[in-house]
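Source: prediction; values computed, not measured. Just so you know, these numbers use all the heavy atoms, side chains as well, and skip hydrogens, waters and symmetry mates.
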Amino acid sequence: MSASENRVYSAPKSIASGFAGVRSVAIPWAILVVLAFAQLIRVARGFNGESTEEALYITAGLRAWEGEAVSDQFLTLLPGSVLWPAISAAGYEFLGLPGARLLSLAFFLVAFIATVLGTRNLFGQRAAAFAAVAMAVSAPFLTVAHLALMESFALAGMAAAFLAITMFIEKDDRTLLLLGSLGLTLAVLGQFRSMIFVVPLGLLLLTMRGRKGRLDLVVLLLSSSLGFIVYFEAFSQQVEIAMESYQFLTPHLSTGDFASASTKRGLLLIWGALPLLIAMHGCWKAAGKERRMAVSLLVLPVFWLLALLLLADPSRLLVFPDLAAGSLMAYPVIGLGLSYLSLRGPNLASFGLAVVLVLLVSLVHVGGFDRSWPDYRPISDRIVAAMDPGDGVLVNEQWPFAVVLYDSGLIETPEDLVDAEMILGNSELLDLCAFSWMVELSEPLAWPAFVGSAATSCGGFELSYATMLKPTYFSNVFTIQEQPAPAELWFNSQPFGDTS
C-alpha cells in the first residue's frame, strides 16, 4: 500500500518514498508500545508526590463522589468541570496517586493514537509515522502523559475530535461530525481553554468542504457548545468566579516555581518555536489543498505560542502542560514536514542522531520538571500515622496534605486544614494553641512571622519530625539544580481552645 492511499488529499509521489527500508505503518505502534511501557515504569516508581494541581483535582473529585464538590465551591478553583477530578479520584481510590496518574496515561495514549490516525487520514502513513516520532520525543507531551492533570483528558477529547473530523471529510457522514463535536465538548469540560480548539477544526472544514463546510461549522459549533451551555447554566456563578480568578492562558496554582521568567520563555522557544519551524517547512513544501490543510492546523499552535510568550503570567506558567494542548495540531504538520526528508544512508543516520539528542534533552527537562515541587509524602505519612480524627492541623500548602488526610478519614472536609490565607482572611482570630499539628515550610511557603510567634507562645508545640525537601530548579534551559528546603512537623502535646 502506498503512503498516499487512504488519505483525504493525495500529495506528490515524492512524499511516499520508502522509509529507509522500514515499514512506516509499523513505526507509530512500535513507538506507542515503548512509550506506554516507559511511562508505566515512571509512574510505578513514584517519581514525586502530588503536585498542587494534582492534589486539588483529586480532592475535588473525592468530594464530587460524595456529592459535595459544588457546595464546597470547588468550581471556583477549577479551570474545568469536575469531570476529570472525578475520574482521577476514582483511580486514586483504587491505587492511590499512581492510579490517578495511570488514568492520565491512558487518556494521553488515546490522544496519541487519535492524532496519528488523523495525520494518516490527511497526510498519509509516512507523515503519521513522523508525527508519532515527534510526539514521542516532545517534553510537553511526555510530561502530561504521567501527571494527573486536566490536560491529559483535554488532549484525548481534542485528538478524538480531530480524528472524527478527518474521517468526516473523507466519508461525508454527519454522524462523524457529531462524534467530533462530542470529543470537543468533553475537551472543553475537561479544560475550559480547550474551546479554542474549534479554530483549527473549523478552518479544516472550511478548507476541505467548501460551501458545505459553512453548514458543517455551524453544526460543529452548536452541537459542541450545547454541553458547555448546559453546564454553565447549572453552575454559572461558580464558573464565572473561576474564569475571573484565573488568567485564561495559565490557570494554574504555581505547583513549583521551577524556573525564572526568562528560562520559561526559553523552554517555550525550544519546545514550541522549534517544532513550529519544522511544521512551517511542511507548509512551504506542500502544495494545493495539502498546504491549506497544514495552514489551517497551524493557526492555533502559532497563536497559542505567541499568547504564552507575550500575554501569559510567567509566575503561573508551567510551560509543558500549558504548551501541550495548544500545540497538538502542530504535530500532524510536523509529520508532514519531516516526511519530505530523504532518509537514505548518511541522512538516515543524521536523522536518528538528531532524534536521540532531542529525546535526551526532553528526558532531562521532564525529569527536572517532575521534581520541581516538594515531595511532602514523608511528612504527610507521619501525620497520618500519628493523627487522631478531629485533630486541628496548620499547614501552609493545603492541597497535597488535604488529599491524603481526607482520603484517610482524618478530616471531614479539606477546609479542616488551616493555611495562612484562611488565617488572614478569617474575620475572627483563630486560637492557634488549639491545633495539634503544625507543618513549617521554608520560603516561599513559610508562615507569616506572627503565626510562628503565636505557636511558640502556646508552650506545647514540640518538634516531631524534620527533613530536607529537595525540589529542583531550572537555573537555565540546560542546567537543573536542587534547592534544599527544610520542613518541620510540630506536635502540640497540650492543645486547648477552639479550632473553628
Side-chain angles (χ1 to χ4, degrees), residues 42-43 45-56 97 101 137-149 151 246-247 249-274 305 308-309 312-324 357-380 395-401 419-420 439-447 466-489:
R42 188 154 189 82
V43 171
R45 291 180 63 184
F47 54 88
N48 202 346
E50 299 91 343
S51 67
T52 301
E53 281 78 17
E54 289 177 299
L56 169 61
L97 181 58
R101 288 174 171 170
V137 299
S138 168
F141 292 118
L142 293 182
T143 300
V144 169
H146 58 248
L147 293 177
L149 301 176
E151 281 77 6
Y246 289 99
Q247 189 181 70
L249 293 173
T250 48
H252 291 287
L253 298 175
S254 299
T255 276
D257 190 15
F258 68 96
S260 65
S262 59
T263 298
K264 289 179 180 179
R265 293 190 177 96
L267 292 171
L268 285 173
L269 292 174
I270 291 174
W271 298 109
L274 292 182
L305 178 62
L308 291 178
L309 285 169
D313 180 357
S315 66
R316 305 178 72 87
L317 195 65
L318 293 187
V319 179
F320 299 147
D322 290 321
L323 259 181
L357 290 176
V358 172
L359 178 59
L360 291 176
V361 173
S362 179
L363 292 177
V364 170
H365 285 175
V366 172
F369 183 84
D370 283 347
R371 294 178 288 115
S372 63
W373 59 88
D375 186 352
Y376 298 115
R377 287 176 294 183
I379 303 176
S380 61
V395 57
N396 211 21
E397 178 68 327
Q398 182 184 13
W399 298 114
F401 289 90
D419 59 13
V439 178
E440 177 66 43
L441 306 173
S442 60
E443 295 292 345
L445 298 171
W447 289 102
T467 187
M468 188 67 70
L469 307 177
K470 296 181 179 180
T472 56
Y473 184 82
F474 285 71
S475 55
N476 58 58
V477 293
F478 294 116
T479 304
I480 301 170
Q481 61 189 36
E482 287 186 345
Q483 281 190 313
E488 297 174 344
L489 174 63

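- Interatomic distance, Q398 CD to T52 OG1, rounded to the nearest 0.5 Å: 10.5 Å.
- Note on ring orientation: taking the six-membered ring where Trp is involved, the planes of F47 and W373 are perpendicular (angle over 60°, cut-offs 30° and 60°).
- A donor-acceptor pair under 3.5 Å links the side-chain atoms of W447 to the main chain of V439, judged by distance alone.
- Here the straight-line distance linking atom CE of M468 with atom CD of E488 works out to 9.5 Å at 0.5 Å rounding.
- Shown here for L149 and P321, the closest heavy-atom pair between the two residues is CD1-CG, 3.8 Å.
- The minimum heavy-atom distance between S475 and T263, with the atom names listed, is O-OG1, 3.8 Å.
- In terms of heavy-atom proximity, V144 sits nearest to A324 at CG2-CB, 3.7 Å.
- Judged by distance alone, with hydrogens and angles left aside, the side-chain atoms of T472 form a donor-acceptor pair with the main-chain N or O of G368 at under 3.5 Å.
- The line from CD1 of I379 to CG of L469 is 5.0 Å long, rounded to the nearest 0.5 Å.
- By the 6.0 Å and 45° rule, K264 does not stack over the aromatic ring of F474.
- Using a 4.5 Å heavy-atom cutoff, the side chains of L269 and L309 are in contact.
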Test side-chain contact (heavy atoms from CB on, under 4.5 Å) on F369 and V319 and set out the steps. CA-CA 10 Å; F369 183 84; V319 179; 6.0 Å; no
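- Panel note: side chain D322, backbone T250; no donor-acceptor pair is recorded below 3.5 Å.
- For Y473 (side chain) and S260 (main-chain N/O), a donor-acceptor pair under 3.5 Å exists by modelled atom type.
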Is there a side-chain contact (heavy atoms from CB on, under 4.5 Å) between D313 and L249? Walk through the geometry before answering. CA-CA 8 Å; D313 180 357; L249 293 173; over 6 Å; no
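- Taking CG of L318 as the start and CG of L267 as the end, the distance is 11.5 Å to the nearest 0.5 Å.
- Separating the CG atom in L147 from the CG atom in D370 is a distance of 5.5 Å, to the nearest 0.5 Å.
- The OG atom of S51 sits 8.5 Å away from atom CG of L97, with the distance rounded to the nearest 0.5 Å.
- Scanning both residues, F478 and I270, for their nearest heavy atoms gives CZ-CD1, 4.1 Å.
- Side-chain contact between V361 and W271 is present, with at least one heavy-atom pair separated by less than 4.5 Å.
- For S380, there are no side chain to side chain donor-acceptor pair (under 3.5 Å) partners two or more places apart in sequence or in a different chain.
- Here the shortest heavy-atom pairing between A485 and S442 reads CB-OG, 3.1 Å.
- In terms of heavy-atom proximity, R265 sits nearest to P314 at NH2-CG, 3.4 Å.
- One N or O on the side chain of H365 and one on the backbone of V477 form a donor-acceptor pair closer than 3.5 Å.
- For the pair E54 (side chain) and A148 (backbone), a donor-acceptor distance under 3.5 Å is present.
- Judged by distance alone, the side chain of S362 and the main-chain N or O of V137 form a donor-acceptor pair under 3.5 Å.
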Applying side-chain contact (heavy atoms from CB on, under 4.5 Å), run through F141 and V366 and close with a yes or a no. CA-CA 10 Å; F141 292 118; V366 172; over 6 Å; no
